[in-house]
**Student:** 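This is the structure I want to talk about, given as structure tokens.
Here the structure is a predicted model, which means the values were calculated and not measured. Each chain gets a letter, A, B and so on, in the order its sequence line appears, and its residues count up from 1.
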There are 2 protein chains.
Amino acid sequence: MSTTKKTVVADYLRDALARGAYRPGERLPGEEELAEELDVSRATARLGMRILQDEGRIAIQVGRGAFVANHRPITHLAEPVAADGDSGSLESGYSSRLRQAGHGDVDERVRVSLDTMRPRVAKRLVNGPEQQSPNAGLVVIRASEHLVDGGLWQTQITYFPFSIANNTALMTPEHLAGGIAGTLRALGFHEEWNRDLVGARMPSQEEADAFGLGPGTPLLVQERVSYEGQRPLRFTETFMPANRHQLLYTGGDAPENLPVVDTDLSIFEH
Amino acid sequence: MSTTKKTVVADYLRDALARGAYRPGERLPGEEELAEELDVSRATARLGMRILQDEGRIAIQVGRGAFVANHRPITHLAEPVAADGDSGSLESGYSSRLRQAGHGDVDERVRVSLDTMRPRVAKRLVNGPEQQSPNAGLVVIRASEHLVDGGLWQTQITYFPFSIANNTALMTPEHLAGGIAGTLRALGFHEEWNRDLVGARMPSQEEADAFGLGPGTPLLVQERVSYEGQRPLRFTETFMPANRHQLLYTGGDAPENLPVVDTDLSIFEH
DNA sequence: CCACTCAGCTTGTTGGTACAAGCTAAGTTG
DNA sequence: CAACTTAGCTTGTACCAACAAGCTGAGTGG
């Protein structure tokens, strides 16, 4: 049997939330209050609340209390690189959708560095047998952090083979007009196709701190490698808190007069 | 400062893992042992281990101990519905890749039911203004559970408009030869294009129990709606433990002689 | 009236104790 | 030899107590 006291607490809260007893953003009863209400110790009430936190249903803040979690993920259009628009890997209409969702103050911080390929990068950027040029093992690393309302929103790290990015605008630590895709095109490279690997995992302590995440919020990870023919042009990894981001892929031949995407769709609906 | 004792424990373990002091699958020191080693109470050692568990780095089993987590996600080729193959939404080469990864004994359990649309299903299957046929609000629900080595591996729920699935093979609770895609084609429907929504969230208690997940393992969620022109044919939601699944999308015009996908790629590499 | 301090709330951390529950392997019994 | 029991390990639950740390708003002082 698993009807322990902490699960009683958890069920009590889950029920209350399902009934809509508290509105999104509203404060829930505290540990002490809950403990007295259900006749358990504070430690047990705490464990029960932790379950709800792990499920991502509530957000607990030190000194303030527990609040009903409010998941309103922004939907990213994950268009293929070959698309007409000047979209980066996730950029199309990005800030406009953010603003639409009630956010403002979108900022970007870019750092550029040069380093030797780590194995996992080489696995994605090196094509077949090792190329034997002197700089074959070098990559230009372009790390950008997107800040929204002053908080870290998503991070993106793009790796370019040295032979592609050396002495180009890709090495300037500033926002690129037209994005990475547009800059590559201007340099004469054609991103013809791409492969995206999408998964999720829990954030490390560092990542959780950087994004300001409590336990119970996974990280959505998108890896994109774009190619010209067989040649990899770049490898981009994007890290997004899963409670604020979801990806939209379109496959097959969509009709011309495609209805506007209902950005209200969310995997968090019940 | 956040160098609490429990984070000392967590850092100690994280370092040991990063150094490779323990091999994947190997047992770590227990709570008691760790507590004595680092001169903390068992409660504190426990909290420290919990952090590593939340990060998905270790898996703790009652009565046995803590073990180095072994994330070897299966990569699903998320092909568009229009692809030639007889793939379902995630099915192409599925069981062969599973077998390749050292698993066997793949099984499927199907349940079929008929119900009125809940709002979130209607949002995806109803196109524009409400259709006024008597059975407009009905959906055929086809829920399938994939079992691997006796354990629940992924679950899939597909919703068909009643007008499409009524009195067809789609209502039989058996494995469909050719998958859902093939069956729809045989019925004269053409899945021309699709939209996939991909996100992640923490599992509910029920889901965690069903999948056998401890805390620290998110759920990867894929929602796919396929269309013939403007008409939605089906809505499929797939739930996968994120430590065992990742999705691969290909965009743009890939060359003919596409090199075999390196199924070794994983977002969990460091 | 603005800025600051601080009391009093909240959650976080740490220690302790005791017992329950799950697992394994050694030993016992038929 | 096979099946069962059980001792001894592990993690899980539950309680208590005390103090730390973060937040808020009331009150004070300039």
Side-chain angles (χ1 to χ4, degrees), chain A residues 1-13 22 25-69 150-151 205 208-209 212-217, chain B residues 1-13 22 25-69 150-151 205 208-209 212-217:
Chain A
M1 199 63 61
S2 72
T3 51
T4 57
K5 287 200 176 184
K6 71 169 188 178
T7 63
V8 170
V9 176
D11 292 345
Y12 174 85
L13 289 174
Y22 306 94
E26 194 177 342
R27 186 174 176 283
L28 297 167
E31 296 176 355
E32 204 87 52
E33 195 177 342
L34 206 54
E36 189 167 359
E37 176 87 15
L38 300 178
D39 193 36
V40 296
S41 71
R42 187 191 146 202
T44 303
R46 185 178 173 74
L47 287 174
M49 298 181 72
R50 174 67 187 250
I51 293 176
L52 274 283
Q53 190 185 29
D54 281 351
E55 293 178 3
R57 296 179 199 270
I58 67 177
I60 302 178
Q61 294 173 38
V62 194
R64 305 227 310 132
F67 300 82
V68 182
Q205 190 87 56
D209 290 346
L213 306 175
T217 309
Chain B
M1 199 63 60
S2 73
T3 51
T4 57
K5 287 200 175 185
K6 72 171 189 178
T7 63
V8 170
V9 175
D11 292 344
Y12 174 85
L13 289 174
Y22 306 94
E26 195 177 340
R27 188 176 174 282
L28 297 167
E31 295 176 355
E32 204 87 53
E33 194 177 342
L34 208 52
E36 189 166 0
E37 176 87 14
L38 299 180
D39 192 36
V40 295
S41 71
R42 188 192 148 204
T44 303
R46 186 178 173 74
L47 287 174
M49 298 181 72
R50 175 68 189 253
I51 293 176
L52 273 284
Q53 190 186 29
D54 282 350
E55 292 179 3
R57 298 179 198 269
I58 66 177
I60 301 178
Q61 295 174 39
V62 193
R64 304 228 312 132
F67 300 83
V68 183
Q205 190 89 56
D209 290 347
L213 305 175
T217 309

**Student:** Does B:E32 have more than 12 heavy atoms from other residues, nucleotides or ligands lying within 6.0 Å of its CD?
**Tutor:**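 It does not: B:E32 CD has 12 such atoms or fewer within range.
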**Student:** When you measure from every atom of DNA chain D, which of residues 55-67 of chain B have a heavy atom less than 4.0 Å away?
**Tutor:**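 The stretch gives B:I60, B:Q61, B:V62, B:G63, B:G65 as the residues lying under 4.0 Å from the strand, ordered by number.
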**Student:** Apply the test side chain to side chain contact (heavy atoms under 4.5 Å, CB included) to residues A:L47 and A:T4: give CA-CA distance (whole Å), side-chain angles for both, the deciding distance (0.1 Å), then the verdict.
**Tutor:** CA-CA 11 Å; A:L47 287 174; A:T4 57; over 6 Å; no
**Student:** Using a 4.5 Å cut-off on heavy atoms from C-beta on, say whether the side chain of A:L13 contacts that of A:L34.
**Tutor:**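 With C-beta onward as the side chain, the pair touches.
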**Student:** Whether the side chain of A:R64 engages the backbone of A:R27 through a donor-acceptor N/O pair (distance < 3.5 Å, no angle test) should be reported.
**Tutor:**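 Here the side-chain-to-backbone pair does not exist.
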**Student:** With a 4.5 Å limit on heavy-atom distance, are the side chains of B:K5 and B:S41 in contact?
**Tutor:**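 Not in contact.
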**Student:** Would you mind reading off the distance between B:D54 atom CG and C:dG12 atom C1', rounded to a whole angstrom?
**Tutor:**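 In whole Å, C:dG12 C1' and B:D54 CG are 15 Å from each other.
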**Student:** Can you see if the side chain of B:K6 gets near the phosphate of C:dG12 - specifically, an N or O under 4.0 Å from OP1 or OP2?
**Tutor:**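 False: B:K6 side-chain N/O out of range (4.0 Å or more) of C:dG12 OP1/OP2.
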**Student:** Going by the rule salt bridge (Lys or Arg N to Asp or Glu O under 4.0 Å), which residues pair with A:D209 if we only count those two or more places apart in sequence or in a different chain?
**Tutor:**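 Listed in chain order: nothing, the list is empty.
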**Student:** Are B:R46 and B:R42 close enough that some pair of their side-chain heavy atoms sits under 4.5 Å apart?
**Tutor:**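 Side chain of B:R46 against side chain of B:R42, heavy atoms only: contact under 4.5 Å found.
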**Student:** Does atom CD of A:E36 have more than 12 heavy-atom neighbours from other groups under 6.0 Å away?
**Tutor:**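 Atom CD in A:E36 is not crowded, with 12 or fewer foreign heavy atoms closer than 6.0 Å.
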**Student:** Return the residues of residues 32-53 of chain A meeting this criterion: a heavy atom under 4.0 Å from some atom of DNA chain C. Order them by number, or give none.
**Tutor:**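 Those residues are A:R42, A:R46.
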